Amino acid sequence: KEQDYRMFYEQEIRYRDLLNYPPVWNLLVILISSREEENATKAAEQIEKKIAQYIDNERLFPINARIIVALSGGADSVALLRILHTLGYDCEAAHCNFHLRGTESDRDEMFVRKLCKTMKTPLHTIDFATEQYAIEKKISIEMAARELRYQWFAEIKEKTKADVIAVAHHQDDSVETVLLNLIRGTGINGLLGIRPKNGDIVRPLLCISRKEITDYLQNAGQEYMTDSTNLQDEYTRNKIRLNLLPLMQEINPLVKEHIIDTSNYLNDVNRIYNKGIEEGKQRVIEKGNIRIVPLLKEPSPEALLFEILYPLGFNAAQTKNILTMLEGQTGKQFISKDGWRVVKNRELLLIDKKEKQENPPFCLIKEEKEYTKDFIIPREKHIACFDTDKLIGEINLRKWQTGDIFIPFGMKGKKKVSDYLTDRKFSIIQKENQWVLCCGDKIIWIVGERTDNRFRIDEKTKKVTVFKMSEKAIDNPLIINA
């Protein structure tokens with residue numbers, strides 16, 4: 001047969017001669033298979049070289065790094081593990097079983113175990129009661145899975161002394177993220193897509209597409225698991241992947257490439273933008289609150305306000321509403337989805353975490369002393385002195401309430417606590433956090449402010465009770481005897 005093959009290389013063969021010569025079919029099969037294998041090998045090497053170059057360009061990790069690879073069993077993570085392994089990196093795999101897809105979840109875990117055994121790669125696994133966690137935290141299933149996953153990855157990284165955690169996001173994921181952020185409403189940061197590095201989380205596959213990944217695995221003859229929920233459109237991201245992007249590609253087949261190019265360009269623009277935002281924050285923020293007049297003098301008050309409030313859970317519509325009410329009356333407030341609150345108070349926008357304070361952030365140290373001519377009444381606001389014999393009733397600490405009255409020290413007439421706080425120009429937030437010390441049903445001290453004149457020290461006083469504000473330890477009672 002060697003002579004037959006040599007004949008085809010040395011002579012010109014007419015097409016009908018080829019058809020009438022049986023050994024040629026064996027030769028063609030050999031030649032075609034050989035060429036396909038050669039092409040597949042070259043394609044795989046090109047992908048690996050592309051990713052190696054991307055790792056170097058983005059400085060994701062050095063060649064001697066120890067890497068934890070997040071391995072779900074899907075195409076993306078399987079390709080990531082194979083590529084890093086081929087490039088010679090020291091890898092360990094980490095697999096989470098979220099128990100969200102019944103037998104599919106267990107199937108994926110079995111596949112991952114088999115793959116790591118074949119590749120001789122150390123594997124870490126964990127089981128999560130994801131639905132229960134989501135209910136307890138009052139968050140979505142997707143958010144619950146994300147929190148559980150990254151918390152555990154951090155633990156594994158510390159335990160194994162690894163350098164980075166590699167996850168398998170690729171170009172298509174970045175495109176979908178941009179579109180998802182656009183749909184929800186976002187600032188310039190949301191248009192940057194997924195970044196290659198975030199702390200110790202790295203994404204080496206961001207330089208290739210989903211198709212390049214599946215082609216790579218197909219050429220390598222490598223199996224992977226398919227998550228059936230990825231083929232359904234019940235989740236927003238899946239709707240973008242399965243419905244929106246194909247429609248956009250009908251309009252422009254290169255839409256993905258254009259979105260990636262735009263995101264990369266905006267990443268450079270964002271550096272300039274962020275520098276301007278940080279300078280603006282320095283001009284308008286004072287003690288954690290926003291000064292309204294300097295804010296309105298900024299080149300773009302709405303953009304600056306959005307960048308200050310967006311990390312606290314406020315959206316673009318809320319930011320616009322806050323801006324429009326700046327000329328309005330004091331007291332208007334807005335609450336974000338993350339529990340933060342913005343309150344207009346005269347010339348300030350006050351920002352605080354709206355939480356119900358069950359206990360004060362301080363305790364009171366109580367001490368009784370004999371009253372002598374040498375006793376000097378302290379003038380500090382955090383200390384209050386009373387005639388012990390006038391304190392008839394149980395001493396208790398509580399927040400002030402609507403309708404509370406007291407007789408301010410040095411005065412004879414009663415005054416509402418609310419009026420006193422208003423006269424002192426307390427903000428709404430300060431009013432909400434004001435505590436009072438009571439003897440029975442009477443207020444003896446607006447803590448840190450003013451005592452009640454009925455309990456003052458006078459010429460008949462024999463004993464003095466002193467209360468001093470102190471930083472409260474977690475287990476301390478509210479009032480401690482010295």
Side-chain angles (χ1 to χ4, degrees), residues 36-37 39-52 54-55 67-89 91-128 130 142 145-146 149 153 156 165-176 194 201-233 235 237-238 240-242 245 256:
E36 287 178 346
E37 290 176 7
N39 290 341
T41 301
K42 286 183 178 178
E45 289 175 350
Q46 287 175 354
I47 290 292
E48 290 158 4
K49 184 178 179 181
K50 187 176 182 180
I51 290 171
Y54 185 74
I55 291 171
I67 305 167
I68 299 295
V69 178
L71 184 63
S72 67
D76 308 337
S77 63
V78 170
L80 175 61
L81 180 61
R82 279 191 63 105
I83 291 168
L84 294 181
H85 186 270
T86 302
L87 292 174
Y89 288 101
C91 298
E92 296 188 21
H95 176 78
C96 306
N97 190 334
F98 295 106
H99 294 283
L100 293 173
R101 297 178 287 116
T103 57
E104 266 194 22
S105 295
D106 297 330
R107 176 208 65 182
D108 292 353
E109 182 176 335
M110 289 178 62
F111 169 79
V112 164
R113 289 183 181 277
K114 183 179 178 181
L115 176 65
C116 290
K117 184 177 181 180
T118 302
M119 296 180 66
K120 297 180 180 179
T121 299
L123 173 65
H124 308 270
T125 62
I126 193 170
D127 295 275
F128 288 122
T130 313
E142 291 170 283
R146 175 184 171 81
R149 176 168 62 244
F153 287 163
I156 293 297
I165 301 161
V167 293
H169 293 110
H170 48 72
Q171 279 185 352
D172 294 65
D173 291 322
S174 189
V175 169
E176 291 161 13
I194 301 174
I201 305 296
V202 295
R203 301 176 175 88
L205 301 188
L206 280 179
C207 60
I208 61 175
S209 67
R210 181 180 287 114
K211 186 177 185 307
E212 287 177 299
I213 289 172
T214 54
D215 287 348
Y216 175 85
L217 294 175
Q218 184 178 352
N219 290 333
Q222 174 63 60
E223 293 181 346
Y224 56 87
M225 296 294 100
T226 300
D227 181 348
S228 61
T229 59
N230 286 340
L231 305 178
Q232 302 167 4
D233 65 359
Y235 299 113
R237 185 178 286 274
N238 286 354
I240 292 173
R241 179 186 305 143
L242 301 174
L245 267 174
K256 289 183 182 180

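Since we're looking at a predicted model, the values are computed, not measured. One is the number of the first residue; the rest follow in order along the sequence.
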CA sep, side-chain torsions, deciding dist, call: D173, R203, side chain to side chain contact (heavy atoms under 4.5 Å, CB included): CA-CA 11 Å; D173 291 322; R203 301 176 175 88; over 6 Å; no
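- The backbone N or O of C207 lies less than 3.5 Å from a partner atom in the side chain of Q171, making a donor-acceptor pair.
- Looking at R101 and D108, a side-chain N of the basic residue comes within less than 4.0 Å of a carboxylate O on the acidic one, giving a salt bridge.
- Residues F98 and S105 form no side-chain contact, since every pair of their non-hydrogen atoms from C-beta on lies 4.5 Å or further apart.
- With values rounded to the nearest 0.5 angstrom, L205 atom CG is found 4.5 Å from L80 atom CG.
- Looking at K50 and E45, no side-chain N of the basic residue comes within less than 4.0 Å of a carboxylate O on the acidic one, giving no salt bridge.
- By the 6.0 Å contact criterion, CD on Q222 is enclosed, its count of non-hydrogen atoms from other residues, nucleotides or ligands being greater than 12.
- Under the 4.5 Å side-chain criterion, counting only non-hydrogen atoms from C-beta, Y54 is in contact with L206.
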Worked verdict on E223 versus F111 for side chain to side chain contact (heavy atoms under 4.5 Å, CB included): CA-CA 9 Å; E223 293 181 346; F111 169 79; 4.2 Å; yes
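- Listed here is the closest heavy atom pair of A94 and I68: CB-CG2, 3.9 Å.
- Heavy atoms only, all atoms of each residue included: A166 and L84 are closest at CB-CD1, 4.3 Å.
- A salt bridge links R113 and E109; the closest N-O separation between the charged side-chain nitrogens and carboxylate oxygens is under 4.0 Å.
- Taking a cutoff of 4.0 Å between a charged side-chain nitrogen and a carboxylate oxygen, K256 and D172 qualify as a salt bridge.
- The closest side-chain heavy-atom distance from N97 to I126 is not below 4.5 Å.
- Counting only heavy atoms from C-beta outward, the side chains of E48 and L87 approach each other to under 4.5 Å.
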Derivation and outcome, side chain to side chain contact (heavy atoms under 4.5 Å, CB included), residues V202 and I55: CA-CA 9 Å; V202 295; I55 291 171; over 6 Å; no
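- Taking CD1 of I83 as the start and CD1 of I47 as the end, the distance is 7.0 Å to the nearest 0.5 Å.
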Side chain to side chain contact (heavy atoms under 4.5 Å, CB included) between S77 and V69, worked out: CA-CA 8 Å; S77 63; V69 178; 5.6 Å; no
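- Between Y224 and G74, the shortest heavy-atom contact is CB-C, 4.0 Å.
- By the 4.5 Å heavy-atom criterion applied to side chains, V78 and V112 are not counted as neighbours.
- Side-chain contact check for E92 versus L123: every heavy-atom pair is 4.5 Å or farther apart.
- Within the 4.5 Å cutoff, side-chain heavy atoms of M119 are placed close to those of R82.
- In plain terms, the two heavy atoms of A43 and N219 that are nearest each other are CB-ND2, 3.9 Å.
- Atom CD of residue Q46 and atom CD1 of residue I208 lie 12.5 Å apart, to the nearest 0.5 angstrom.
- Interatomic distance, CD of E176 versus CG of L242, reported as 8.5 Å (0.5 Å rounding).
- Residue M110 qualifies as open at atom CE: its count of foreign heavy atoms under 6.0 Å is 12 or below.
- Closest of all the heavy-atom pairs between C96 and R149 is SG-CG, 4.1 Å.
- Heavy-atom minimum distance, A75 versus L217: O-CD1, 3.4 Å.
- Side chains of D127 and H99 form a contact here, defined as non-hydrogen atoms less than 4.5 Å apart.
- Judged by distance alone, with hydrogens and angles left aside, the side-chain atoms of H95 form a donor-acceptor pair with the main-chain N or O of L71 at under 3.5 Å.
- Of the inter-residue distances, the one linking D215 atom CG with K211 atom NZ reads 3.5 Å to the nearest 0.5 angstrom.
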